[in-house]
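Indexing begins at 1, ligand by ligand and atom by atom, following the structure's order.
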Amino acid sequence: MVDLKGQYQKIKQEVDAAVLEVLESAAFINGPAVSRFQASLESYLGVKHVIPCANGTDALQIAMMALGLEPGDEVIVPSFTFLATAEVIALLRLTPVMVDVDADTFLMRPEIFERAITPRTKAVVPVHLFGQSCDMRPILGIAAEHKIAVIEDAAQSIGADYIFPDGSRKKTGAIGDIGCTSFFPSKNLGCYGDGGAMFTNDDELAAKMRVIANHGQAKRYYHERIGVNSRLDSIQAAILDIKLRHLDEYCDARRAVADAYDAAFADIEELETPVRAANSTHVFHQYTLRVTNGRRDELSDHLASLGVPAMIYYPVPLQQQEAFRHFVPAGLELPIADRLCTEVISLPIHTEMDAATLDTIINAVRSF
Ligand SMILES: *Cc1c(COP(=O)(O)O)cnc(C)c1O
């Protein structure tokens with residue numbers, strides 16, 4: 001699905017030198033590489049504070065802890081997402097409220113979010129799934145009206161811009177109260193292990209998140225609240241600082257692959273190529289087709305038999321997950337998420353795709 005080896009080969013010299021520098025310095029935790037990467041990412045995103053942490057799931061958890069949510073508070077999430085988005089809500093004894101998504105973009109729809117609001121709603125998590133932005137302006141408007149915090153899950157969308165109606169742009173993750181991302185190796189900005197970060201323009205929230213990520217201590221050995229231990233280590237930060245310089249070209253490379261797939265499948269009636277939202281750029285964390293004739297699993301088997309990797313993101317919506325059984329109210333119906341889980345299939349997409357590989361994949365799909 002990705003070619004992390006090929007990508008590393010191209011930046012090997014830069015990366016090896018940066019890793020060696022950390023090894024020589026022995027500043028493995030909170031070393032200068034971490035503050036350098038933090039500053040680089042703040043400037044790339046145009047956001048006041050980047051708080052690095054250990055992974056994307058921790059980022060979501062720390063964000064929710066910093067917002068001071070209380071057990072029983074409701075947090076609205078799309079049901080078609082990676083489970084981590086909702087897992088931390090349950091872990092903190094908050095109540096996940098699952099909503100349906102848009103059939104074309106796979107994203108949370110502002111009016112569906114609005115309908116799910118109750119007096120207990122305290123936060124919403126728009127997930128910029130597969131690499132394009134949710135429609136943030138109406139989401140921000142509705143959230144402000146109801147005093148609901150907006151936590152963006154930007155784990156798949158780093159580098160994507162949301163385009164406001166007046167044409168101005170902001171990077172996904174830098175729009176809501178807090179943005180969260182993951183540096184898992186296969187993410188668009190991935191490190192060589194685990195990593196994550198929170199983003200915010202709010203000084204107070206930033207200070208709280210730093211304290212929470214560091215055992216609840218602002219001053220060493222003086223713990224003002226219960227926190228967690230969640231750090232990005234210096235080696236990963238050094239690698240990320242180099243990869244960040246290449247992020248825009250990586251996004252372009254992914255878009256070029258998506259364009260080629262779009263053109264190759266345009267005439268196939270039973271395949272819906274990804275719909276590109278007018279108010280977002282797309283960084284194609286995934287290139288996800290919809291197979292509309294009920295034969296998705298057969299296509300998947302056909303590709304596997306030809307040695308072409310393809311993945312189903314995601315086969316099960318949140319409301320059908322065993323772990324979420326207790327959070328599904330009687331009569332909950334999320335038909336679009338249910339249907340998408342039977343229709344979607346993601347093809348390999350990455351920064352090192354060559355013409356021959358692309359042809360092989362396209363021919364494999366077309367032969368079916
Ligand atoms: C990857 C991902 C996460 C979790 O990130 P980890 O670093 O794996 O903990 C959360 N949400 C979404 C949408 C993701 O894709």
Would you say ligand 1 has an N or O under 3.5 Å from any N or O of Ser182?
-> yes
Taking atom types as modelled, is there a side-chain donor on Thr288 or Ser346 under 3.5 Å from an acceptor on the other?
-> yes
Would you please say whether a donor-acceptor pair under 3.5 Å links the side chains of His246 and Thr351?
-> no
To the nearest 0.5 Å, how far apart are CG in Asp233 and CG in Asp194?
-> 9.5 Å
Side chain Lys171, main chain Gly159, donor-acceptor under 3.5 Å = yes
Does Gly56, backbone or side chain, put an N or O under 3.5 Å from an N or O of ligand 1?
-> yes
Just need the protein heavy atom nearest to atom 2 (C) of ligand 1, so name the residue and atom and give the distance.
-> Lys187 NZ, 2.6 Å
Closest protein heavy atom (residue, atom, distance) for atom 15 (O) of ligand 1 | Gln156 NE2, 2.8 Å
For the residue pair His223 and Tyr221, does the interplanar ring angle fall in the parallel (under 30°), tilted (30 to 60°) or perpendicular (over 60°) class?
-> tilted
Non-hydrogen atom of His285 closer than 4.0 Å to ligand 1 = no
Below 3.5 angstrom, do we get any N/O pair linking Asp194 and ligand 1?
-> no
Is the distance between the ring centroids of Phe130 and Phe106 under 6.0 Å?
-> yes
closest protein heavy atom to atom 13 (C) of ligand 1 is Asp153 OD2, 3.4 Å
Which of the atoms in ligand 1, numbered in the order shown and given with their element, are less than 4.0 Å from a heavy-atom of Asn55?
-> 7 (O), 9 (O)
Residue, atom and distance of the protein heavy atom nearest atom 9 (O) of ligand 1 read Thr57 OG1, 2.5 Å
